[in-house]
Undergrad: 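My questions will all concern the structure given below.
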There are 2 protein chains.
Amino acid sequence: MTCNIIMQKPANINLSEYLSAKGLRSTSQRDAILKLFMAAGRHLSAEELHERVRKAHTGISYATVYRTLKLLSEAGLAKENRFDDGFTRYEYNSADDHHDHLICTRCGEISEFENDKIEALQLDVAKKKGFKVRNHKLEIYGLCSKCQRKQGE
Amino acid sequence: MTCNIIMQKPANINLSEYLSAKGLRSTSQRDAILKLFMAAGRHLSAEELHERVRKAHTGISYATVYRTLKLLSEAGLAKENRFDDGFTRYEYNSADDHHDHLICTRCGEISEFENDKIEALQLDVAKKKGFKVRNHKLEIYGLCSKCQRKQGE
DNA sequence: GATGATATTGCAAGTCATTTGCAACAAGCA
DNA sequence: TGCTTGTTGCAAATGACTTGCAATATCATC
C-alpha cells in the first residue's frame with residue numbers, strides 16, 4: 001500500500017557542499033547532529049533531537065541543535081513543521097517529496113499522505129482567487145486506529 | 001456522503017446564556033470585547049483586538065482580552081487559528097461554517113474558501129488509514145493578486 | 001437597597017519554546 | 001604555525017501567552 005515506486009532521491013545538496021558554498025565551516029557538532037537527525041526518522045522536535053545527540057556526543061548544547069536545525073532548513077535538508085501542539089518538529093527533506101500530515105491527538109503519532117487530487121483542487125481554488133501559491137499545509141487531526149481501540153476500553 | 005467532521009459547536013449560543021449556564025458573570029469588559037470582536041471582521045490577533053478595545057474603553061488589560069477570547073472559544077463563539085506567523089488569530093465562529101484559508105505572505109491578507117471535494121477527499125484519505133477525523137486545517141500560503149502586481153514594480 | 005460569597009480584573013511576574021550576546025574555542029586558508 | 005573569522009556553550013533575553021494575587025465588581029439573597 002505504501003510502496004513508493006519512484007525511488008526517493010535524497011535532497012540534492014549535501015551539507016558540506018552547502019557549507020563551503022556559503023563560506024561556513026564543518027564541525028563535529030554539525031556532523032553529529034545531521035547524522036542523528038537523518039537516522040532518527042521523521043518529525044523530531046528540537047528537544048527530542050537534542051536528547052539523542054547528547055547521549056551520543058556529550059556536551060552539545062540546545063542552542064547548537066537549534067542553530068543547526070535552522071541551518072539544515074536553509075540548506076534544504078530539513079523542513080520545519082509547526083503543528084498545533086505548540087512546538088516545531090523537523091523532518092528530513094528529501095527532494096520534491098511533498099506530503100501532508102495525519103496527526104493523532106491522543107498519542108501524537110504523525111503519519112503522512114500524498115494526494116494529487118487534493119493538490120490539484122487547491123491550485124484551482126487559488127487560481128480562482130488570483131492567488132499565487134507558494135506553499136501549503138494540510139493537517140488532519142483526530143484519532144489513529146490504535147487510539148480508537150484504546151478509547152473503547 | 002455526509003461530512004462528519006466535527007468542528008465546533010454551532011455558535012447559536014449567546015454569551016450571556018453561556019455565562020449564566022456556567023455560573024459565570026457578565027461584565028462590562030466582556031461586553032465591550034465581544035462587541036468589538038464581532039464588529040471587527042475576522043482573523044484578529046489578541047493584540048489587534050486589545051488595541052481596538054483600549055481605544056473604545058480605556059483600561060482593559062491584555063490579560064482580560066486573552067481570558068475573554070479563551071472564554072469565547074469555549075463558548076463556541078470564537079475560533080482560534082494558529083497560522084505560521086507565530087501568533088494566534090481569532091475569528092468569529094458562525095455556526096457550522098467551516099472554511100480554510102488563503103494567506104498572503106506579503107501583506108498578511110487572509111481570505112477564506114470552502115471546498116467540499118477537498119473535504120471529501122480528506123475523509124477518504126483518513127478512512128484508508130483507519131483514522132477518525134476530528135478536525136482539520138488547510139492553509140495555502142502565497143501571494144494575493146494585489147501583491148503579485150506590486151512584486152513586478 | 002444592603003450584604004456577602006465568589007467571580008473577575010489589572011498588574012506584574014511567570015511560562016515555555018526558541019533566540020541571541022558574548023567570550024572562549026576551533027576550522028581552515030596562507 | 002599563525003591568524004582571521006566562523007562556531008560553540010552558557011546564560012540571559014525574547015515574545016506570545018498565562019497566572020498569582022490583592023483589589024474590585026457582580027448578583028443571588030436577605
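All values below come from the heavy atoms of this structure, side chains included, with hydrogens, waters and symmetry mates left out. All figures in this text were calculated on a predicted structure; none of them were measured in a lab. A note on names: the letters A, B, ... follow the listed sequences, proteins ahead of strands, and every chain is numbered from 1.
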Undergrad: From the set C/dT9, C/dT18, D/dT7, return the single nucleotide nearest to any side-chain atom of A/Thr27.
TA: D/dT7
Undergrad: D/dT26, C/dC11, D/dC27: which one has an atom nearest the side-chain heavy atoms of B/Ser26?
TA: D/dC27
Undergrad: Would you say a side-chain N or O of A/Thr64 is under 4.0 Å from OP1 or OP2 of D/dT7?
TA: no
Undergrad: Below the 4.0 Å mark, does C/dT18 have OP1 or OP2 next to a side-chain nitrogen or oxygen of A/Tyr66?
TA: yes
Undergrad: Roughly, in whole Å, what's the span from CZ in A/Arg54 to P in D/dC10?
TA: 10 Å
Undergrad: Measure CG/A/Leu49 against C1'/C/dT18 and give the value in whole Å, please.
TA: 15 Å
Undergrad: What's the CG-P distance between A/Asp85 and C/dC16, to the nearest Å?
TA: 15 Å
Undergrad: Between the main-chain N or O of B/Gly76 and the side-chain N or O of B/Asn93, is there a donor-acceptor pair closer than 3.5 Å?
TA: yes
Undergrad: Which nucleotide in the list D/dC17, C/dT18, D/dT7 gets nearest to the side chain of A/Leu24?
TA: D/dT7
Undergrad: Check every atom of D/dT19, D/dG9, D/dT5 against the side chain of B/Arg67 and return the nucleotide holding the closest atom.
TA: D/dT19
Undergrad: How close or far is atom P of D/dC17 from atom CZ of B/Arg82, stated in whole angstroms?
TA: 7 Å
Undergrad: I'd like to know if the side chain of A/His43 pairs up with that of A/Glu109 as donor and acceptor (distance under 3.5 Å, no hydrogens or angles considered).
TA: no
Undergrad: Nearest whole angstrom, please: distance from the C1' of C/dC16 to the CZ of A/Phe87.
TA: 10 Å
Undergrad: Could you say whether B/Ala63 or B/Leu19 is positioned toward the 5' end of DNA chain C, judged by the nucleotide with the nearest heavy atom to each?
TA: B/Leu19
Undergrad: Measure from the side-chain heavy atoms of B/Arg25 and tell me the nearest of D/dT7, C/dA5, D/dC17.
TA: C/dA5
Undergrad: side-chain contact (heavy atoms from CB on, under 4.5 Å) for B/Leu77 and B/Met38? Distances and angles first, verdict last.
TA: CA-CA 9 Å; B/Leu77 286 161; B/Met38 288 175 63; over 6 Å; no
Undergrad: Considering just the side-chain nitrogens and oxygens of A/Thr88, establish if one lies under 4.0 Å of OP1 or OP2 belonging to C/dT18.
TA: yes
Undergrad: If I take atom CG in residue A/Leu72 and atom P in nucleotide D/dT7, what distance separates them, rounded to the nearest angstrom?
TA: 13 Å
Undergrad: Below the 4.0 Å mark, does C/dG10 have OP1 or OP2 next to a side-chain nitrogen or oxygen of B/Gln29?
TA: yes
Undergrad: Please report the distance, rounded to the nearest Å, between CG in B/Asp31 and P in C/dT9.
TA: 10 Å
Undergrad: Between B/Glu139 and B/His101, is any side-chain donor less than 3.5 angstrom from a side-chain acceptor?
TA: no
Undergrad: How close or far is atom P of D/dA16 from atom CD of B/Glu80, stated in whole angstroms?
TA: 16 Å
Undergrad: On DNA chain D, check which nucleotide each of A/Ser61 and B/Tyr62 is closest to and give me the residue with the more 5' one.
TA: A/Ser61
Undergrad: side-chain contact (heavy atoms from CB on, under 4.5 Å) between A/Ile140 and A/Asp100: does it pass, once the steps are laid out?
TA: CA-CA 8 Å; A/Ile140 302 180; A/Asp100 295 303; over 6 Å; no
Undergrad: Picking from C/dT9, D/dG9, C/dT18, which would you name as closest to the side chain of B/Arg30?
TA: C/dT9
